[in-house]
Amino acid sequence: MIRSTLFLAACMGALFSSTTSAQALAPLPADRALVIGHRGASALRPEHTLASYAKAIADGADFIEPDLVPTGDGVLISRHENEIGGTTDVAAHPQFASRKATRTIDGQTITGWFSEDFTLAELKTLRARERLPQLRGTAFDGQFQIVTLEEIIDFTAAEAAARGRVIGLIPEIKHPSYFQQRGQAMEAKVLATLQAHAYTRSAPVVIQSFEISNLRQLHALLGSDHRNIQLLQLIGAPDERPGDVLAAGGTLTYADMLTPAGLGEVAGYAQILGPNLRSIIALDAQQHLGTPSSLVRDAHAAGLKVMPYTFRPENYFLPGDKRQGDAPTTRHEAGSIAEMRAFLDAGIDGLFTDDPALGRAAVDGWHAP
């Protein structure tokens, strides 16, 4: 049976420890897996917009996820990457044509427009676009602004109050080594922003990173004074190295981090593991769901909760045995729910999904095998 009690008890203990705007809200249940709105409800609205977060909350997400990058004037905004050409209309603004640049980020050479080259005021003139237009269409392109972490906190607090229930935040700090090297480190600023708002001084918050050193830094900064904040170690492809390891010339891979010894190391600074779906249940030769690996069991033995990413409802992303027809753009809601329930059977403690309504249905209708 799924056990998220320890994680939620820590969050809820802090939630009711002082009088705050979140105190009277219904807490997250402690007896079910958490549904995390991945970039909001990004299967249905352009990612990282208030519209996407609003849809996720309306559809029952327990947490919403803002990915964080800085602006040139030091404001934390929500974008999946600091390269904004793929998710905004920046290329259509002639006044910004000269800002196009090439950067090396985590060993990858990328050409485009970067958040750190714009002020917040300039970024507010842009409008969001769908990142996967071939799969999800463009009906909402041009309607929504880039939003800041502070705006997201205020919005979440208002939604929580209106709905009478706690809504958690699970921000990811993007490319921390890259931004640290540029003098734009985000870790202390994220904590300061959370501390500045009554809601996030008590509501559940989980901070994520694909790197290690910044999570260790956050672990030290948090100490025992921020019991509502937990840390999640994201895990990339097995043969890849975390960005900070890569920058330091180290050899540690994500596969190394998933060994029992590696999981023990992670448990020394984080409470939650965020692996890719296929490290828990890989696809077989027919592209069907295979047999679960030992990862969930091993992580639990190390004291870590497990919340994998990312469940998506289109055929393009689904295992072969969960698809409907052959068209990659077809949404197969029943197939997505069935996939999530296979992972619930494997013992996960939460899930990242682009369609929180389906995640809610999967969790609420699931019964332990």
Backbone N/O of [Y] and side chain of [X]: donor-acceptor pair under 3.5 Å:
X: T88; Y: G85; result: no
X: D89; Y: A92; result: no
X: Y53; Y: G37; result: no
X: D106; Y: G243; result: no
X: W113; Y: V90; result: no
X: E116; Y: G72; result: no
X: D244; Y: S213; result: yes
X: R241; Y: T253; result: no
X: D355; Y: P313; result: no
X: R201; Y: Q195; result: yes

Cut-off 3.5 Å, no hydrogens considered: what does the side-chain donor-acceptor table look like for residues 258-268, sequence neighbours left out?
| unit_1 | atom_1 | unit_2 | atom_2 | d |
| --- | --- | --- | --- | --- |
| T259 | OG1 | D256 | O | 2.9 |
| T259 | OG1 | G262 | N | 3.0 |
| E265 | OE1 | R216 | NH2 | 3.4 |

If I compare all heavy atoms of L351 with all of G359, which pair ends up nearest, and what's the gap?
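Looks like CD1-CA, 4.3 Å.
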Compare every heavy atom of G236 with every heavy atom of Y309, then report the nearest pair and how far apart it is.
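Looking at all heavy atoms of both residues, the closest pair is OH-CA, 3.9 Å.
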So, using ring-ring contact (aromatic ring centres under 6.0 Å, His included) as the criterion, who are the partners of H219 when residues are at least two apart?
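Here no residue qualifies.
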Co-membership, hydrophobic cluster, residues [X] and [Y], 4.5 Å side-chain:
X: L289; Y: Y316; result: no
X: I337; Y: F317; result: no
X: I173; Y: I152; result: yes
X: L318; Y: M340; result: no

The criterion is salt bridge (charged side-chain N to carboxylate O under 4.0 Å, His left out); which residues satisfy it with E339, sequence neighbours excluded?
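Scan of E339 (salt bridge (charged side-chain N to carboxylate O under 4.0 Å, His left out), adjacent residues dropped) gives R278.
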Considering residues at least two apart in sequence or located in another chain, which fulfil the salt bridge (charged side-chain N to carboxylate O under 4.0 Å, His left out) criterion with R79?
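Listed in chain order: nothing, the list is empty.
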Report yes if some heavy atom in the side chain of [X] is under 4.5 Å from a heavy atom in the side chain of [Y]; otherwise report no.
X: L169; Y: I153; result: yes
X: I229; Y: L218; result: no
X: T104; Y: Y178; result: no
X: D59; Y: L44; result: yes

Could you walk me through whether Q208 and E65 pass side-chain hydrogen bond (donor to acceptor under 3.5 Å, both in side chains), step by step?
CA-CA 10 Å; Q208 316 169 72; E65 182 203 35; 3.1 Å; yes
Sidechain N-carboxylate O distance under 4.0 Å for [X], [Y]:
X: D345; Y: R341; answer: no
X: E151; Y: K124; answer: yes
X: D354; Y: R136; answer: yes

May I ask you to check whether F311 and F343 place their ring centres under 6.0 Å from each other?
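Yes.
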Taking transitive links into account, so neighbours of neighbours count too, which hydrophobic residues share a cluster with L246 at under 4.5 Å side-chain distance?
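In the cluster with L246 there is nothing else; it is isolated.
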R103 to F114 six-membered ring, cation-pi geometry met (6.0 Å, 45°):
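Cation-pi check for R103 and F114: passes.
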Does F118 have R99 sitting over its ring (NZ/CZ under 6.0 Å from centre, angle to axis within 45°)?
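Yes, R99 sits over the ring of F118.
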Mark yes when over 12 heavy atoms from residues, nucleotides or ligands other than Q95 sit less than 6.0 Å from its CD; otherwise mark no.
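Check passes, neighbour count above 12.
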Can you check salt bridge (Lys or Arg N to Asp or Glu O under 4.0 Å) on R331 and E333, steps first, answer last?
CA-CA 6 Å; R331 280 174 52 91; E333 297 184 357; 2.8 Å; yes
Could you tell me whether the side chains of [X] and [Y] share a donor-acceptor contact shorter than 3.5 Å?
X: R39; Y: H80; answer: yes
X: N228; Y: S202; answer: no
X: S52; Y: S42; answer: no
X: H48; Y: D67; answer: yes

Testing I77, T200, L76 one by one against L149 for a side chain to side chain contact (heavy atoms under 4.5 Å, CB included), which residue passes?
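Of the listed residues I77, T200, L76, the side chain to side chain contact (heavy atoms under 4.5 Å, CB included) partner of L149 is L76.
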Residues two or more places apart in sequence or in another chain: which of them pass side-chain hydrogen bond (donor to acceptor under 3.5 Å, both in side chains) with S115?
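Not a single residue meets the side-chain hydrogen bond (donor to acceptor under 3.5 Å, both in side chains) criterion with S115.
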Between E47 and T87, does a side-chain hydrogen bond (donor to acceptor under 3.5 Å, both in side chains) hold up when you go through it step by step?
CA-CA 8 Å; E47 65 189 34; T87 58; 5.2 Å; no
